[in-house]
Amino acid sequence: MKWYKWNRIIHRDLGYIFFGMTIIYALSGVALNHIKHWNPSYNIIQQELNLTVPQPRPTKEQAVAMVKQVGEDLVYKKHFYPQPGVMKIFVEGGSVVVNTATGRSLLELLERRPVLFEMNFLHYNPGKWWTWFSDLFAIALMLLAISGLFIIKGKKGIKGRGAWLAGLGIVIPIVFLLFFR
Amino acid sequence: MFKKLSLIVLLSLVAMYCGGGETAKENVSDSVGETVETAAAPVAVSIDTFETDAEKLVDKLVTVEGTVSHVCRHSGKRMFLLGQNPDNNLKVLTGADISVFDVALEGSDVIVNGYVRESRVDEAYLDELEKKTLENMKKAQEEEKADEAAASNHEGQTDEATHNIEHKDPLQNIKDMKEELKNSPKGYLSFYSIECQTFKVKEEK
């Protein structure tokens, strides 16, 4: 079989196999790229409240009752005092930080972003076997990129317009390296 | 040709990764001075005495119990454990077989097995850190002015007391470390953490 037919077969079949991985890494990549502006894995809900704080220092039972003040469906886990005048109560799915003198409190609940949480988890490399599989994916992407150069023949292929576009794609990162490093 | 090439690549990857099965091991020297790994039982340590014991335990396998007080929100690669005395806390980092800690662990009692690691900080490092922190703060202030959406990330903080728990002034931290470094006989500061190999949540009785 001629090499360009093999080229097309490789490009097609690798494209099908790694379609899912490409979507996972691309979507989570965009999400993680903007990590300064948002939390890509969790939706963080914050609410300011005023609580009645038993003095001098709430016991465990009193802390449980304080959690019920915040919300009936919240489940108390543990509490501690990170510094004088501040109490942190852990609840299932979040925490409440309380100024014990004033009762001013901040409830913080974390919800996993559906689908995106799982994608980010995979992007962060959850284990040795996943590292192996994602290395395979990276090699496949290189093969897809190289084989893609030679899919189209003629003036719209690598000997014509394709050369310009591929060249542009190489020049852009070089420019970034020169100006922003 | 492509079939053979793919087969060679696949076999290479399998050989590379199947050769290094890691379990919790400790480095010891053999008779010719090269390090080999052998299985070792973890040493039980307490968070409350960790800072004083850690120097002798660097690169050793330990087991420790504590309450998870914080998991890094963005990467999930760090968590902090509290001792019996909440003034004592221990940093735990992800290891080879654990890539991320779930934020839902906060408030849970856990048992962690891992290796004690030491990070050394000297004056040159602190000077560089201070320079980068000042640059980042300047950049962040400029970005906040230009982007009001970024400023809204800081909404919801009640007051200084509650805000400061997880948002300590980084420049003050650096100043404190420089002061501590002046008094250090070693000429550097040591920060100890545990590189987690395995952990489990303690069942509530």
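Only a predicted model underlies this, so the values are computations on that prediction, with no experimental measurement involved. Residue numbers begin at 1 in each chain, while the letters A, B, ... track the order of the sequences.
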Between Ser69(B) and Lys88(A), the two heavy atoms sitting closest are O-NZ, 3.9 Å
Should we count CD1 of Ile152(A) as having more than 12 external heavy atoms under 6.0 Å? no
Residues 82-89 of chain B, side-chain donor-acceptor partners within the protein, below 3.5 Å, at least two apart:
| residue | atom | partner | partner atom | Å |
| --- | --- | --- | --- | --- |
| Asn85(B) | OD1 | Asp87(B) | N | 2.9 |
| Asn88(B) | ND2 | Asp48(B) | OD1 | 2.7 |

Practice problem: Please say whether more than 12 non-hydrogen atoms of neighbouring residues, nucleotides or ligands are located less than 6.0 Å from OH in Tyr125(B). | Solution: no
Honestly, the part of Val100(B) sitting under 4.5 Å from a heavy atom of chain A is side chain
Could you tell me whether Lys159(A) atom NZ has more than 12 heavy atoms of other residues or ligands within 6.0 Å of it?
no
When the 4.5 angstrom heavy-atom criterion is applied to Tyr81(A) and chain B, the contacting part is backbone
For Tyr124(A) and Ser99(B) the tightest heavy-atom approach is O-CB, 3.7 Å
Looking only at Ile89(A), Leu110(A), Leu107(A), Val91(A), the option with the highest number of non-hydrogen pairs under 4.5 Å against chain B is Leu110(A)
Should we count CD of Glu118(B) as having more than 12 external heavy atoms under 6.0 Å?
yes
Under a 4.5 Å heavy-atom criterion, the part of residues 164-175 of chain A in contact with chain B comprises none
Mark yes when over 12 heavy atoms from residues, nucleotides or ligands other than Glu55(B) sit less than 6.0 Å from its CD; otherwise mark no.
no
Lys/Arg-Asp/Glu bridge criterion (N-O < 4.0 Å) met for Asp109(B), Lys77(A) = no
Whatever's closer than 4.5 Å to a heavy atom in chain A on Ser108(B) counts as both
Closest non-hydrogen contact found for Arg73(B) with Tyr42(A) is O-CD1, 4.2 Å
* Hey, is CZ on Arg78(B) packed in by over 12 heavy atoms from elsewhere, all under 6.0 Å? -> no
* Answer yes or no: is there a side-chain heavy-atom contact under 4.5 Å between Val68(B) and Lys78(A)? => no
So, the part of Ile35(A) with a heavy atom under 4.5 Å from chain B: the answer is both
